[in-house]
Amino acid sequence: MSSGSHLSKELHDLIKSIGETRSKQEEDKIIIKEVQQLKTKLNEKNMPPKKVKEMLIRAIYIEMLGHDASFVHINAIHLTQSKNLALKRLGYLCCSLFLDNDSELLILLVATLQKDLASTNVHIVVNALTAVGKLISKTFVNALTEPVLKLLTHNTDIVRKKALMVMQIIRQLNQDCIAEQDYDDRIRRGIQDKEPSVMGAAFNLYHEELKKGAVNKYKPLTGTFVSMLKQIIEHKLHKDYDYHRFPAPWLQIKLLQILTLLGANDLKVSEQIYEVLGSTLRRADDTTINIGYAVTYQCVKCVSGIYPQQSLLEQAANSVSRFLKSDNNNLKYLGINALTQIVSISQKYVLEHQMTIVDCLESNDDTLKKETLELLFKMTNEQNCEVIIQKLIHFLKTSSDSNFKKDLFVKISLLNEKHAPTQEWFIKTANTLFEFGSEFIDNDVRNNFFKLLIDNFNDIGSEFGVFITEIYSELLRNDLQDNILKIVCWVIGEIGSQIYDQDPNKLNELTQLVILKLDSQLESETTISWILTCLAKLQSARAFQMFDQTRAIFQKYMQSKNLDCQQRAIDFYTLAKFNAALKGSQFITVDPKMSFLDAYVQQERLRGAQAYNPSLQVKAAALGSATEAPSLNFGPYSDNKYGGSKTNTFGTEENKSTTQNPSAPTIAGPWDDTGYNQKQPPPPKPTIATPMAIGSTTGMGSNGSGQTTTKTTMQSMGSGQMGLSSNQAQSTYVPPVRPLPPKEDPNLKEKQKLANQLFAPISQTQQQPQSTQKKGITAVAAPKQMNTNPNIPQITQPKQTAQVQNLLEIDEPLPIKQQQQPILGAPQVYVQQPQIITQKPVVVPQQQQQLWSQPPVQTQPIPQQQIKSYIPANINVDQYEQLWERNQNIKEVTLQSKIKSEQDFRRMIQTININIIEVIDQEIICAGANAENKSCVLLYGCYNLNGSLELKINSTDPKDAEYILALIKRQFC
Amino acid sequence: MIKVFLIVSSSGKIRIRRFYDEVEFARQQQIEQKLIVLTSKLSPNSCNFFKDLDGIYDKKCKIVMRFFGTLYFIAVIDEDESELGVLDLIQNIVDLMDKIFDNACELDVLYHPDKMNALIDEIIVAGIVVETNIMDIQEALKQQETQIKNK
């Protein structure tokens, strides 16, 4: 140790006083004083060199402490011109430390550097080269290139290797200074240098070039590098280069890096490397010194970097696994890193070391833990996930490092989602995870989890539902953290209420459990909101009985100071009121067989009416709906249950699978059975009960499943769809051909009334005639459902009871403010899909016309015989022709009219309000139906440019033809 | 490539500072401060390697730290450099210091910044390790010293 005796007292004192300072301010004071002193002293003339040297050292010291010492820069430059090597060296050092590449002072250095590079004194040259390496910038590249290149052939190896490095820097700064060919030649001469140190420097240059992407250019050199590596590992280099008797480890590392880049994704090159790589790895493995491990590690990197080879990978994994067992954390860390690289190629070789890897998580070293977790995450698959997740959860339980726990939490949940072997296992793991990592549950985690649950529930059905409801209701009996309670509430509300829809005992039990939670210590008010929502969902279940309790609770929280809580309480309270009213109301039992119609049917048939033949049924429903269905299917998952299937219930038995909402066939349960009619689950809504009851008949009555109690749809909570959709259904029902054009909307209210009237008198037999023909056709799958899938929850089971009509009106004034209700998880949206309307059969011959000429005929007598209105019929050309043949009341006329173009014709058709089926040149066919009695009107028209209009009107009722003709004459002639 | 090479005292004072890429002085100091903070994570048994996850220098970089006596040797290296190699390089440098200063200590680094920097310059040029042969370096440095003394 040096005593520092060669130093002046000042420097010694400076260092000492700085060392004794306790604060930055104190230090600053000393430095400012010191700077003042230095400034004055440096300006003194004839300072002895030793003094100057010391002052610069003091300046270095000041600058190192982070203070500005720019006043000495000029002195440093002066010093480089000194003849004294020590001063020159210090001068260059100061310049390299103090000056930036863009400093203006550098220009003062160039001449000195040029001179020194050409010096005969090796040490001056070396110092100058070092300075050039640090300070050279674009501005001076040209001035210095020449002298540096000359030094490449200097007879001292220290100079040659530094010159090589500086050459590389020069080329980086300005490619034009050295031609590519020239540069290549020079580095090739570098690796051929007789001095290994120069050769080693040249390797760096190759490595840099390869990193920049010049891989193909140097591939031919692979053999050279391989043989060099071979020579090194065989101790062909001078012993001086051994490090702890290990031959030139840094050169080996460098060569391995080069070979990795050369062999990447190239089998041919890699094949040249395999052998030497194998023996390098073996030899490095034999040592027990650090640098040997460094080479091993580099070999592993190389093995995983080049084109993969089985035996090498195996060898590498084995070598590395020994790192993991070492006590040295550095080695463990590198081992984990190396395995991470191997895993990305093949999991096979790493899996056997899995338990060793897991143990690394126990380390108290953060870096190591992080890396290990990363590796485990990458190597987990279906086979080992149970073991690994268990271990990880163990660490989650025991760890106290919250960053690490957060990491663990995220990784475990990802692994669980990805690799969980069974649903049960998944749920249980998730619950444990939530229990021990509840502080990490945020909205994303929750929503993601809910999504998974509901997807699974939709896929698997009730079994899964029962399972998770059981698990979560069990959880509810314990003390829970708020975050978990929220999840439990959601599951009970969303899935539990569906599963136990008709099981009052279970519902009561669940409700009680949930209510109890309100009294427990809760961390935040938002949790109350979750509980309230859960109760609201539960009370929407059909068998729910505890309205008094829930109402009391909602009433209590209507006073809550938490706005969200309050709003929910108010909304749910209102809903509870209606729900209760609903349950209390009388259900009208429908005889799905409609046996009461039998007499009427018989009577009609005796009179000569045709027997019902389904094949003749107009397939109008298929039209139109197909295009609309998907667009309406926006409910997150309700579409499976209600959306697609519901639409079909409204139509007639003609709704084949093609008309179905695309999502409908995915329903879990019997609806995707064979047979077109079995695709029609009965309606869950009262509003459509009437037509449905007509439409679906046989095979349903006896087993008692044909009873539908309407489920007031709490599922519509948060979406408010119900009221809206039922309105649509009513308003458009009357003219069932297709959705009303918007212009008719003003009539909406009137039509609603009408609809209400329509639905009410279902038990009256006025509409008897319609159903006769349907017998035996609409054998809805209901009975089969019962048999094949007893597990299916009750809600999905069709029941056919018409609900008391005024429900529809109840919905309207509900004070649900959708925007204020955060949609929790994925709310069930109960969407009444408007496409139902378009699916109705449209124009049917006389015998069937009564199908949709429902009560209105009786309840609302047509006020005036003279004014008729029509509605478009949505049929295709075939159906048109079919109908045309059947009706014989054809009225043929040729008129002189204003109609001279298709546009005119279309306007005329619009006026009548029927629709165009097809246009062929100047011939147009149209179809419509009388809005009142639904009798069909077919029109064939051919216009001419001269205004002559040929019309053929074929109508079931001849009055229609006359009326239309008169209309056309009046307005268009 | 080595991006930064620092020698820091255990009291948190910079003793040797070498940046091999162009970095502004202000940013240099920020990097130093963060690295000094990081030294607190180093314990005798822990791993000497850190990934620069917080982007102290560059997120792709790795940090190698080693503690000798009262000095932390810190190297920030890029992804290609071998961590273990650099760790042994630090060992190499310490060995060399021992030889040159005869049982080196912090004060030697303080009093002889010129010699220390010359030593490092022999080993690392422009961030690349050019020489690892202790004998060679020692020989070169010795020659310089004798020349200095003779003049």
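Per chain, numbering begins at 1; letters A, B, ... match sequence-line order. FYI, side chains are in, hydrogens and waters are out, and symmetry mates aren't considered; it's all heavy atoms of this structure.
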Let me know if [X] has heavy atoms under 4.5 Å from chain B in its side chain, its backbone, both or neither.
| X | answer |
| --- | --- |
| A/E27 | side chain |
| A/L56 | neither |
| A/D242 | neither |
| A/V295 | neither |
| A/Y241 | both |
| A/E371 | side chain |
| A/T367 | side chain |

Cation-pi geometry met for B/R27 and B/Y57 (6.0 Å, 45°)
yes
Do the non-hydrogen side-chain atoms of [X] and [Y] ever get within less than 4.5 Å of each other?
| X | Y | answer |
| --- | --- | --- |
| B/I16 | B/L6 | no |
| B/I77 | B/K3 | no |
| A/I15 | A/Y61 | yes |
| A/E208 | B/I128 | yes |

Among residues 58-70 of chain B, which ones touch chain A with a heavy-atom distance under 4.5 Å?
B/K62
Side chain, backbone, both or neither: which part of [X] has a non-hydrogen atom closer than 4.5 Å to chain A?
| X | value |
| --- | --- |
| B/A140 | both |
| B/R15 | both |
| B/F25 | side chain |
| B/D98 | neither |
| B/Q28 | neither |
| B/Q29 | side chain |
| B/S46 | both |
| B/E22 | side chain |
| B/Q33 | neither |

Side-chain donor-acceptor contact under 3.5 Å, [X] with [Y]:
| X | Y | answer |
| --- | --- | --- |
| A/K301 | A/Q298 | no |
| A/R89 | A/N84 | no |
| A/K254 | A/N204 | yes |
| B/D95 | B/Q91 | yes |

Using a 4.5 angstrom heavy-atom cutoff, name the option from [options] with the most pairs to chain A.
| options | result |
| --- | --- |
| B/M135, B/E32, B/Q144, B/E81 | B/Q144 |
| B/G127, B/A126, B/G85 | B/G85 |
| B/I137, B/D80, B/N45 | B/D80 |

Heaviest contributor of heavy-atom pairs below 4.5 Å to chain B, chosen from A/A248, A/G66, A/P196, is A/G66
Flag the one option from A/P249, A/S197, A/S96 with the top tally of heavy-atom pairs under 4.5 Å to chain B.
A/S197
Can you spot which of [options] makes a side chain to side chain contact (heavy atoms under 4.5 Å, CB included) with [X]?
| X | options | result |
| --- | --- | --- |
| A/C95 | A/L79, A/L135, A/L90 | A/L135 |
| B/I2 | B/V76, B/D78, B/L89, B/I123 | B/L89 |
| A/M165 | A/Q168, A/M167, A/K161 | A/Q168 |

Mind checking whether B/F5 and B/Y20 have ring centres under 6.0 Å apart?
no
Which atoms form the tightest heavy-atom contact between A/I169 and A/G133, and what is the distance?
CD1-O, 3.6 Å
Taking the basic N atoms (NZ, or NE/NH1/NH2) and the acidic carboxylate oxygens, is any pair closer than 4.0 Å for [X] and [Y]?
| X | Y | answer |
| --- | --- | --- |
| A/D407 | A/K370 | no |
| B/E83 | B/K51 | no |
| A/K369 | A/E374 | no |
| B/D121 | A/K134 | no |
| A/K53 | B/D114 | yes |

Are more than 12 heavy atoms, taken from residues, nucleotides or ligands other than A/K239, located less than 6.0 Å from that residue's NZ atom?
no
With chain B as the partner chain, list the residues of residues 328-335 of chain A whose heavy atoms fall under 4.5 Å from it, by residue number, and write 'none' if nothing qualifies.
A/N329, A/N330, A/L331, A/Y333, A/L334
